[in-house]
Amino acid sequence: MTDARRCITASAPRSPHAHLIQSAIARHVFVSNGSRLFDADPDLFEALDSAITDGSVDDLLEQVGLGGAPAIDDQPLTAPPLHALSLAIAQKCNLGCTYCYAQQGEFGGDAKNMSQDTANRAVDLLVAGAEPGARLNLAFLGGEPLVNRTVLQAATRRGAELARERGLTMTFSITSNGTLLTEADADFFEEFGFAVTISLDGPRETHNALRMYKSGQGSFDRIMSNLQPLFARQRRMQVSARVTVTPGNVQLKRTLDEFIAAGFHSVGFSPMLSAPNGNGEMQAGDLELMLGAMIECGHEFERKTAAGERYPFANMVNAMREIEKGTHRPYPCGAGAGYLGVSADGDLAACHRFVGDEAGAMGSLGDGIDLKARADWLADRHVHRQEPCRSCWARYLCGGGCHHEVIKRGRPACDYIRGWLHYCLEAYLRMGPQGAAARS
Ligand code: SF4
Ligand code: SF4
């Protein structure tokens, strides 16, 4: 049996309360309430296994002292403070990626840039309600944000200045296709300590087949050449690669090793689950192949970390930290809560992927946040309101899956998500605190 099949089989949901993990040398129970991990002696393990089968495991957990009040109740988050905004600063793009969620940057509308006035008002909204000492993030996305560099730079300066005046911390991030980066951008991003994420889909030939200019020409060589000044300068700035995984680029280990060697601070993978035109969407068989490739990368992370070497595989680093912390959350992300997206026209959306989409409309810069839309969203999107999440042991680590993908396509990736988490729990148990201490 492959590693991927074994993890999918072992992680199939049997109980909403607990998940059992058995290795050659030890047995463990993951308690969903509070995302807590415990050792179990053979007798307890066997009793838990039987209780999961007959539906009484909740009572048994209580009896053996692993119960407790629910860490997450049914109440939706109310009036979360805004701490992050992403600006669709340019709803236009110079690439024509086969699967683009933003439909070549234009989100199904006209190509446009955000005006300086709109960007200023967005920055003001972010700062306006912040408590002294708050930590805020201003993100630039598109389309390709560097198409509108002047507005991006002015908004950054305004954000930094307002934050300084009011005793706030403001961090900056950008997601770019990398084709328009210049040496001056590298200086600017380093000055303001940007988290720079570059969308790259694999080694040259793989990337070029998926992310090409509208002329059809590949973009890889230009991007790698543009990145050299960023790699040379990154101190405050961190330059990461984000790989969107489609059936055409599942060779993840080679991609990871090449990108780490190239100088990226970290490298992360996300499966393509919903594209406006359906292109590149992962099906069950593709996701199983991807899971196998993720586990292969995970094994390398375990080996390198044990040898004291850095191996910045972002998915694994994040999973180790979340397991260590016992992350338990009622939502998968901050979308529609502390995080909102802003369209080039100044409309507010649940996140960058809902720009121009009624399903995630949240008001506008002119009228303010639509408080009813936000309250309805937070009530509807709570993981306790999601099926089949309510009966899934992984629900508080997962949060119910990306809202955008779930609304557009449903939940085709649950076996993949649980299989990956099962592997990560096993790896965490093998590595101990050393795994959670690994830095991306
Ligand atoms: S989306 Fe996440 S929480 Fe919901 S059923 Fe799938 S794996 Fe479980
Ligand atoms: S809804 Fe999906 S795309 Fe939007 S912030 Fe959450 S995880 Fe990201």
Side-chain angles (χ1 to χ4, degrees), residues 7-8 10-19 30 32-33 35 72 77 80 82-88 99-102 107 137 139 141-142 173 175 197 199 242 244 268-276 282 284 287-288 291 314-315 318-319 322 327-343 348-357 359-362 374 377-378 380-425:
C7 287
I8 288 174
S11 65
R14 297 174 59 205
S15 162
H17 304 295
H19 173 59
F30 174 83
S32 307
N33 180 24
S35 299
I72 304 273
L77 207 55
L82 188 65
H83 61 77
L85 270 189
S86 69
L87 276 50
Y99 51 71
C100 180
Y101 75 83
F107 294 88
N137 180 259
L141 288 99
S173 49
T175 299
T197 300
S199 304
R242 180 194 157 110
T244 300
F269 300 99
S270 305
M272 165 50 74
L273 294 180
S274 104
M282 301 284 274
L287 287 163
E288 186 165 338
L291 177 58
N315 306 68
N318 293 340
E322 301 216 324
T327 292
H328 50 280
R329 55 187 168 208
Y331 303 96
C333 60
Y339 169 51
L340 295 176
V342 188
S343 76
L348 298 173
C351 80
H352 54 284
R353 286 186 78 173
F354 284 99
V355 163
D357 186 338
M362 293 276 158
R374 189 171 67 168
W377 168 276
L378 291 170
D380 289 349
R381 305 302 318 160
H382 191 294
V383 72
H384 288 179
R385 299 276 298 269
Q386 308 301 309
E387 293 295 353
C389 307
R390 275 152 38 102
S391 52
C392 174
W393 63 265
R395 64 194 175 285
Y396 300 128
L397 280 177
C398 166
C402 163
H403 303 300
H404 188 269
E405 290 163 353
V406 168
I407 289 169
K408 300 299 168 196
R409 194 176 163 205
R411 293 189 166 86
C414 294
D415 285 351
Y416 165 83
I417 294 169
R418 280 187 296 259
W420 171 244
L421 289 173
H422 180 86
Y423 163 71
C424 289
L425 287 163

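One-based numbering, in listed order, for ligands and for the atoms of each.
Side-chain atoms of His422 and Phe30, non-hydrogen and from C-beta on, never get closer than 4.5 Å to each other. Residues Asp357 and Lys408 meet the side-chain proximity criterion, which asks for heavy atoms closer than 4.5 Å.
If you number the atoms of ligand 2 from 1 as listed, the ones under 4.0 Å from a heavy atom of Tyr339 come out as 5 (S). Heavy-atom proximity to Cys351, at under 4.0 Å, picks out these atoms of ligand 2: 1 (S), 3 (S), 4 (Fe), 5 (S). Those atoms of ligand 2 that come under 4.0 Å of a heavy atom in His403, given as number and element, are 1 (S). Listed by atom number, the atoms of ligand 2 under 4.0 Å from Arg353 heavy atoms are 3 (S). Close approach of ligand 2 to Cys333 is summarised as follows: ligand atoms under 4.0 Å from at least one heavy atom of the residue are 1 (S), 5 (S), 6 (Fe), 7 (S).
Checked against side chain to side chain contact (heavy atoms under 4.5 Å, CB included), Arg411 has the following partners two or more places apart in sequence or in another chain: Arg381, Gln386, Pro388, Cys389, Val406, Cys414. Take His403 and apply the ring pair (Phe, Tyr, Trp, His ring centres under 6.0 Å) test, not counting sequence neighbours, and it matches Trp377. Not counting sequence neighbours, Tyr416 has no partner by the ring pair (Phe, Tyr, Trp, His ring centres under 6.0 Å) test.
Distance check: Ile417 CD1 to Leu291 CG gives 11.0 Å after rounding to the nearest 0.5 Å. Here the SG atom belonging to Cys7 is positioned 11.5 Å from the CG atom belonging to Asp415, to the nearest 0.5 angstrom.
Ring centers of His83 and Tyr339: at least 6.0 Å apart, outside the cut-off.
Near ligand 1, residues Pro388, Cys389, Cys392, Arg395, Cys398, Gly400, Gly401, Arg411, Cys414, Ile417, Arg418 come within 4.0 angstrom through at least one heavy atom.
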